[in-house]
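Sequence positions, counted from 1, serve as the residue numbers for this chain. On a predicted model such as this, the values are computed, not experimentally measured, just so you know.
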Amino acid sequence: MKRVVLLALPVVLLSLIYRAIVPPPPRSCSTAGVPSQTPKIKLRDGRNLVYKEYGVPKNIAKYNVIYVHSFGGSKFEASLIIPQAIEELGVYFVSFDRPGYGKSDPHPKRSFKSLALDIEEVADQLELGNKFYVIGFAMGAHFVWGCLKYIPHRLAGAALLAPAINYWWPGFPSNLTKEAYDKQLIRDQWVYKVAYYAPWLMYWWNTQQYFPGFSVITGEFKLSQKDLKIAYSLDEMQLQQAYVTQQGEFESLHRDLIIGFGKPEFDPMDMKNPFYNNDGNIHLWHGVEDGIVSVKLQNYIAKKNPWINYHELQDAGHLFPCGDDSIKYDIWKALLNHEKK
């Protein structure tokens with residue numbers, strides 16, 4: 001009997017470990033059950049992306065803009081960054097649930113490139129023309145770098161609002177990244193390490209009970225006083241938290257962490273100006289009081305890429321795109337009118 005127990009014990013332990021580290025399959029969220037009035041696109045590979053339209057109708061729009069939502073966001077998030085003058089500007093604005101979020105099918109091999117190609121296909125299927133604009137916020141802005149890398153020929157311009165940063169981008173001086181990294185919460189530093197060194201542990205790390213998980217998932221991240229005021233004013237229905245992770249947290253939140261903070265697919269500081277013919281522009285906006293993303297690292301990226309129009313907002317934190325309407329209007333006007341700082 002003792003021998004049988006000794007032989008069975010490793011198998012049981014391996015089974016428990018496997019169940020702990022391997023994420024469950026995404027919960028079923030077939031778009032076949034989505035109401036017919038909910039717009040969706042069937043991509044070439046068979047996946048569905050659900051989207052939402054804002055602004056003026058396409059047939060009278062002066063500008064076509066695609067929005068890329070943040071970590072833990074969805075297609076509904078776009079309503080938070082629209083200025084009251086959106087129709088006056090003549091903008092057709094479309095936002096979609098990124099793969100694995102909301103009701104859009106997951107993409108197990110999701111990457112910066114795959115998402116950029118998804119965005120290009122959204123533009124083609126919605127007939128937005130040869131050129132369109134992209135705007136992204138936080139992790140969404142992080143993925144806008146992928147659009148600038150892989151589909152620059154399709155872009156009329158891009159706005160990156162408080163974009164997330166990968167601490168492993170080789171273009172950063174080590175002393176600068178160490179300073180910014182050390183200012184992050186310890187729990188988040190560990191998540192960045194897991195994403196880079198052991199991405200296969202990401203599900204376990206954010207579901208185990210021994211150590212605190214990623215602060216943005218647990219809702220314990222650092223916000224400035226300005227951010228807190230904005231956060232309290234946001235409409236819970238616009239955020240739609242239950243909607244966001246209805247397929248489970250791995251294909252949405254955890255995969256974002258792996259892609260965004262894991263081994264870099266490319267380094268934005270190695271990129272050349274995608275608009276060398278001056279046929280478009282890129283704006284990067286960041287708040288000095290941002291407690292989530294380092295303003296020093298953002299500033300360094302802008303200096304390395306002088307073709308970026310960098311806007312450093314002195315009295316703003318991470319959530320500035322969702323705050324004052326005057327800032328929202330400045331963001332849109334600068335992008336659409338090709339204004340420089």
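- Follow the hydrophobic side-chain contacts under 4.5 Å out from Trp168 and you never reach Met139; the two are in separate clusters.
- Taking OG of Ser294 as the reference point, atom CD of Gln184 lies at 8.0 Å (rounded to 0.5 Å).
- Checked for salt-bridge contact, Lys178 and Asp182 meet the test: a charged N lies under 4.0 Å from a carboxylate O.
- The side-chain heavy atoms of Ile151 and His153, taken from C-beta on, include a pair separated by under 4.5 Å.
- Two residues are said to be in side-chain contact when any heavy atoms from C-beta on lie closer than 4.5 Å; Tyr150 and Glu265 meet this criterion.
- When hydrophobic clusters are built by joining Ile, Leu, Val, Met, Phe, Trp and Tyr residues whose side-chain heavy atoms come closer than 4.5 Å, directly or via intermediates, Trp307 is grouped together with Tyr300.
- Looking at every heavy atom in both residues, Pro108 comes nearest to Arg255 through O-NH1, 3.0 Å.
- A donor and an acceptor atom, one from each side chain of Asp256 and Tyr101, are located under 3.5 Å apart.
- Taking the side chain to side chain contact (heavy atoms under 4.5 Å, CB included) definition, one finds that Pro57 meets it with Asn59, Ile60, sequence neighbours left out.
- Of the possible polar contacts, none joining the Arg98 side chain to the Ser74 backbone as a donor-acceptor pair under 3.5 Å is found.
- For Tyr133 and Trp332, the ring centers sit 6.0 Å or farther from each other.
- At a cut-off of 3.5 Å, with distance as the only test, no side-chain donor of Asn305 or Tyr310 sits close to an acceptor on the other residue.
- With contacts defined as side-chain heavy-atom distances shorter than 4.5 Å, the pair Leu49/Leu43 qualifies.
- By the neighbour-count criterion of 12 heavy atoms within 6.0 Å, atom NZ of Lys193 is densely surrounded, having more than that number from other residues, nucleotides or ligands.
- Residues Leu223 and Ala231 share a closest heavy-atom pair of CD1-CB, 4.4 Å.
- Linking ILVMFWY side-chain heavy atoms closer than 4.5 Å, directly or via other members, places Leu148 and Met269 in a single hydrophobic cluster.
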- Start with the C-alpha gap between Lys131 and Asp279, add the side-chain angles, then the distance that decides, and say whether side-chain contact (heavy atoms from CB on, under 4.5 Å) holds. CA-CA 10 Å; Lys131 297 270 189 177; Asp279 54 349; 3.8 Å; yes
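- No side-chain donor-acceptor contact under 3.5 Å links His107 and Asp105.
- For Asn130, the CG atom sits in a loose shell: 12 or fewer heavy atoms of surrounding residues, nucleotides or ligands are nearer than 6.0 Å.
- Panel note: side chain Thr207, backbone Tyr203; a donor-acceptor pair is recorded below 3.5 Å.
- Under the 30°/60° scheme for interplanar angles, the aromatic rings of His142 and Phe112 are found to stand perpendicular.
- Note that CG of Asn309 is 8.5 Å distant from CD1 of Ile282, once rounded to the nearest 0.5 Å.
- Both tests do not hold together for Lys272 against Tyr276: distance to the six-membered ring centre under 6.0 Å, angle to the ring axis within 45°.
- Taking the six-membered ring for Trp and the full ring otherwise, Phe261 and Trp169 have centroids separated by 6.0 Å or more.
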- For the pair His311 and His286, evaluate ring-ring contact (aromatic ring centres under 6.0 Å, His included) and give the outcome as yes or no after the intermediate values. CA-CA 6 Å; His311 309 260; His286 204 84; over 10 Å; no
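- For Tyr181, the ring-ring contact (aromatic ring centres under 6.0 Å, His included) partners at least two apart in sequence or on another chain are Tyr167.
- For Phe132, the ring-ring contact (aromatic ring centres under 6.0 Å, His included) test picks out no residue, with sequence neighbours left out.
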- Message: Please evaluate residues Asp290 and Val295 with respect to the criterion side-chain contact (heavy atoms from CB on, under 4.5 Å), reporting the C-alpha separation (whole Å), side-chain torsions for both, the decisive distance (0.1 Å), and the verdict.
- Response: CA-CA 7 Å; Asp290 193 326; Val295 66; 5.7 Å; no
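- Ring pair Phe211/Trp205 is parallel by interplanar angle, where below 30° counts as parallel and above 60° as perpendicular.
- Looking at heavy atoms from C-beta onward, Val134 lies out of side-chain contact with Val65 at the 4.5 angstrom threshold.
- When all heavy atoms are compared, the tightest approach of Ile230 to Cys322 is CG2-O, 3.8 Å.
- Contacts classified as salt bridge (charged side-chain N to carboxylate O under 4.0 Å, His left out) and involving residues 158-170 (residues at least two apart or in different chains) are not found.
- The shortest distance between side-chain heavy atoms of Tyr67 and Tyr51 does not fall below 4.5 Å.
- Remark: Phe320 pairs with no residue by the ring-ring contact (aromatic ring centres under 6.0 Å, His included) rule, at least two apart or across chains.
- In plain terms, the two heavy atoms of Ile165 and Val293 that are nearest each other are CD1-CG1, 3.8 Å.
- For Asn206 (side chain) and Met202 (main-chain N/O), a donor-acceptor pair under 3.5 Å exists by modelled atom type.
- Residues Val91 and Ile82 are not in side-chain contact: their nearest non-hydrogen atoms beyond the backbone lie 4.5 Å or more apart.
- For Glu121, the salt bridge (Lys or Arg N to Asp or Glu O under 4.0 Å) test picks out Arg44, with sequence neighbours left out.
- Summarising the geometry, atom CD1 belonging to Ile259 is positioned 14.5 Å from atom NZ belonging to Lys113; distances are rounded to the nearest 0.5 Å.
- Taking the centre of each ring, Phe137 and His318 come in below the 6.0 Å mark.
- Every residue two or more places apart in sequence or in another chain that forms a salt bridge (Lys or Arg N to Asp or Glu O under 4.0 Å) with Asp124 is listed here: Arg154.
- Tyr196 carries Lys263 over the face of its six-membered ring, with the cationic atom under 6.0 Å from the centre and within 45° of the normal.
- Contact detail for Pro99 and Asp118: the closest heavy-atom pair is CG-OD2, 3.6 Å.
- For Asp45, the salt bridge (Lys or Arg N to Asp or Glu O under 4.0 Å) partners two or more places apart in sequence, or in a different chain, are Arg47.
- Contact annotation: the side chain of Val50 approaches that of Lys75 to within less than 4.5 Å [non-hydrogen atoms, C-beta and beyond].
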- Message: Assess the residue pair Glu220 and Arg187 against the criterion (salt bridge (Lys or Arg N to Asp or Glu O under 4.0 Å)); give the C-alpha distance rounded to whole Å, side-chain angles, the decisive distance to 0.1 Å, and a yes or no.
- Response: CA-CA 10 Å; Glu220 299 167 286; Arg187 58 166 62 185; 2.8 Å; yes
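- Sorted by first then second residue, the salt bridge (charged side-chain N to carboxylate O under 4.0 Å, His left out) pairs that include residues 304-316, not counting sequence neighbours, are Lys226-Asp315.
- Leu128 places a side-chain heavy atom less than 4.5 Å from the side chain of Ile66.
- Note that OG of Ser104 is 11.0 Å distant from NZ of Lys40, once rounded to the nearest 0.5 Å.
- With sequence neighbours excluded, the residues that form a salt bridge (Lys or Arg N to Asp or Glu O under 4.0 Å) with Lys183 are Glu179.
- There is a side-chain donor-acceptor pair under 3.5 Å between Ser70 and Glu77.
- Among residues at least two apart or in separate chains, side-chain hydrogen bond (donor to acceptor under 3.5 Å, both in side chains) pairs with a member in residues 80-92 are Glu53-Tyr92.
- Sorted by first then second residue, the salt bridge (charged side-chain N to carboxylate O under 4.0 Å, His left out) pairs that include residues 58-72, not counting sequence neighbours, number zero.
- When all heavy atoms are compared, the tightest approach of Asp227 to Leu319 is OD1-N, 2.8 Å.
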